[in-house]
J.: 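Here's a structure for you.
First the proteins, then the strands, lettered A, B, ... as listed; each starts at 1.
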2 protein chains.
Amino acid sequence: MEGVRRRDREGTRQRILDAARGLFAELGYDQVTMRLIAAEAGANIALINRYFGSKRELFAEVLAMQGRFPGVLDGPVAELPRRLAEYVADRLRSDLASPVMATLSRSSASPEIHDIIRDRVNSAIMGPLAALLPGEEAQLRAALATALITGSGTLRQLFGPEALGPSSREAVVARLTRIFEACLEG
Amino acid sequence: MEGVRRRDREGTRQRILDAARGLFAELGYDQVTMRLIAAEAGANIALINRYFGSKRELFAEVLAMQGRFPGVLDGPVAELPRRLAEYVADRLRSDLASPVMATLSRSSASPEIHDIIRDRVNSAIMGPLAALLPGEEAQLRAALATALITGSGTLRQLFGPEALGPSSREAVVARLTRIFEACLEG
DNA sequence: CAAGTTAGTAGACGCATGTTTACTTCGTCA
DNA sequence: TGACGAAGTAAACATGCGTCTACTAACTTG
């Protein structure tokens, strides 16, 4: 029957995955404990490893689940700097979750997941960006744009939404657009 | 007398400080253990807390010991973008230690030292930079340059010296100069 | 030379972590 | 209905951490 199942393998698995996604984005890999994930998901701690194998594998699955930059990398390349600027500005100034960016920039110090992070940065940001860019030095240009994105995440984490001072959203977007243009232009 | 002292308080203290500086820069706060510092310094672990109080206080002292950006912030403001570019390019492409930058970008995920890191970023990089900049939005411009610097450190940590691809130093410096100009210009 | 100060040492303490084991309870189906 | 598989649970395990205490031994000083 499809009635309310008190024992719900898939449901529990999904709750764990959701809890882990939010916590990893908010706190970073190291600061998130198995017990915290279990409590947030309303599940027993032993189920995490039963369903995912280990904390590391759960982290990998959380990252694999996340979409790429939604809507940022799509669209005309000429407007790419502006879309990147708006994305970063909004993530810097508000508390809106940007799971991918937040997770990556808050977990990059943990050596046990270095390879996972590296692969994800490559496949979600740097790789697609380099593929989009015409002209020479595409890898260099994509890498520097990526550095700015992740650096913004670190700054946000350190200083909060006021990291950029009292500037208006328009001023921030305008400035960031020019910087991304300098990063990406051929 | 000034003979060879087998019991040398100041010497031991200095060896601990030196070991901690190198290890924090290389591995970040979380990954460096008291026992690792003691082993590297050739000192007993209990002496660390005797001389510095705690791991956290040792970290603060290590940061306080470090100089500011040597030679980068001094000199004509017009050439500031180029000096920043050369600094970042060299730190990205070689293994030359940049203790301040490395320590900051590798330790920013640890909440117990958040305030120390924040103060240091402010007093060593962002603050002096904002003070140098003429015109409006100095804080925004300094913050974005800082984001690029710390993001470069993160990228270096993830991908090693080859993070930027096969580009020459000249190409990297030229590109970074343009980006820093876009960050800093009034 | 004897006493006192203090650098240095060994080891334990309490705690938190990721992981695993032994067990209980629910749901299903022969 | 009763047995079996699987979802869920509680508790322990092993390990590593920062910190602290009790102690030893080297240097200084009277």
J.: Heavy-atom nearest nucleotide on DNA chain C for Y29(A) versus R50(A): which residue maps closer to 5'?
T.: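 On the 5' side of the pair lies Y29(A).
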J.: If I take atom CD in residue Q31(A) and atom C1' in nucleotide dA16(C), what distance separates them, rounded to the nearest angstrom?
T.: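 The distance from CD of Q31(A) to C1' of dA16(C) comes to 12 Å, rounded to the nearest Å.
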J.: Rounding to a whole Å, what distance do you find between R15(A):CZ and dG8(D):C1'?
T.: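 Going from R15(A) (CZ) to dG8(D) (C1'), I get 11 Å.
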J.: By nearest atom, which of the nucleotides dG18(D), dA7(D), dT9(C) is closest to the K55(B) side chain?
T.: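 Output: dG18(D).
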J.: Taking 4.0 Å as the cut-off, does a side-chain nitrogen or oxygen of T12(A) come that near to OP1 or OP2 on dG8(D)?
T.: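 Looking at the OP1 and OP2 atoms of dG8(D), one of them is under 4.0 Å from a side-chain N or O of T12(A).
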J.: Between dA7(C) atom C1' and Q14(B) atom CD, what is the distance in whole Å?
T.: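 Q14(B) atom CD is separated from dA7(C) atom C1' by 17 Å.
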J.: Any N or O donor-acceptor pair under 3.5 Å from the base of dG16(D) to the side chain of R35(B)?
T.: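 It does not, because no donor-acceptor pair links the side chain of R35(B) to the base of dG16(D) below 3.5 Å.
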J.: Return the value, rounded to whole Å, for the distance between atom CG of N44(A) and atom C1' of dA12(D).
T.: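 Taking atom C1' of dA12(D) as the reference, CG of N44(A) is at 13 Å.
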J.: Which whole-number value in Å describes the distance from N49(A) CG to dG8(D) C1'?
T.: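 Answer to the nearest Å: 15 Å.
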J.: Whole angstrom is fine here: how far is it from CD1 in I37(B) over to C1' in dT19(D)?
T.: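 That distance rounds to 13 Å.
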J.: Go through dG8(D), dT19(C), dG8(C) for me and flag the one nearest to the L47(A) side chain.
T.: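 Ranking dG8(D), dT19(C), dG8(C) by closest atom to the L47(A) side chain puts dG8(D) first.
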J.: Would you check if L132(A) and L184(A) make a side-chain contact, meaning some heavy-atom pair closer than 4.5 Å?
T.: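 The answer is no, as the side chains (C-beta and beyond) never meet within the 4.5 Å cut-off.
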J.: Using OP1 and OP2 only, check whether a side-chain N or O of R7(B) sits under 4.0 Å from dA26(D).
T.: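 No, R7(B) has no side-chain N/O under 4.0 Å of OP1/OP2 on dA26(D).
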J.: Does any non-hydrogen side-chain atom of F159(A) lie less than 4.5 Å from one of N122(B)?
T.: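 Side chain of N122(B) against side chain of F159(A), heavy atoms only: contact under 4.5 Å found.
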J.: Is the terminal nitrogen or CZ of R91(B) (NZ for Lys, CZ for Arg) located under 6.0 angstrom from the six-membered ring centre of Y87(B) and within 45° of that ring's axis?
T.: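 Judged by the rule, R91(B) and Y87(B) form a cation-pi pair.
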J.: Can you say whether the rings of Y29(A) and F24(A) are parallel (under 30°), tilted (30 to 60°) or perpendicular (over 60°)?
T.: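 Ring orientation, 0 to 90° scale: parallel.
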J.: Let me know, please, whether A46(A) or D30(A) comes out on the 5' side of the other along DNA chain C by nearest nucleotide.
T.: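 Residue closer to the 5' terminus by nearest nucleotide: D30(A).
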J.: Please tell me which of the listed nucleotides, dT19(D), dT19(C), dA7(D), lies nearest to the side chain of Y51(A)?
T.: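 Nearest nucleotide to the side chain: dA7(D).
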J.: Apply side-chain contact (heavy atoms from CB on, under 4.5 Å) to the pair T103(B) and V62(B), showing each step before the final yes or no.
T.: CA-CA 10 Å; T103(B) 304; V62(B) 164; 5.6 Å; no
J.: Contact class for I48(A) (heavy atom, under 4.0 Å): base, sugar-phosphate, or nothing?
T.: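 The answer is nothing, as I48(A) stays clear of every strand by at least 4.0 Å.
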J.: If I take atom CZ in residue R9(A) and atom P in nucleotide dG5(D), what distance separates them, rounded to the nearest angstrom?
T.: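 In whole Å, dG5(D) P and R9(A) CZ are 16 Å from each other.
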J.: Taking CZ from F52(A) and C1' from dG18(C), how many angstroms apart are they, rounded to a whole number?
T.: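 Atom CZ in F52(A) sits about 16 Å away from atom C1' in dG18(C).
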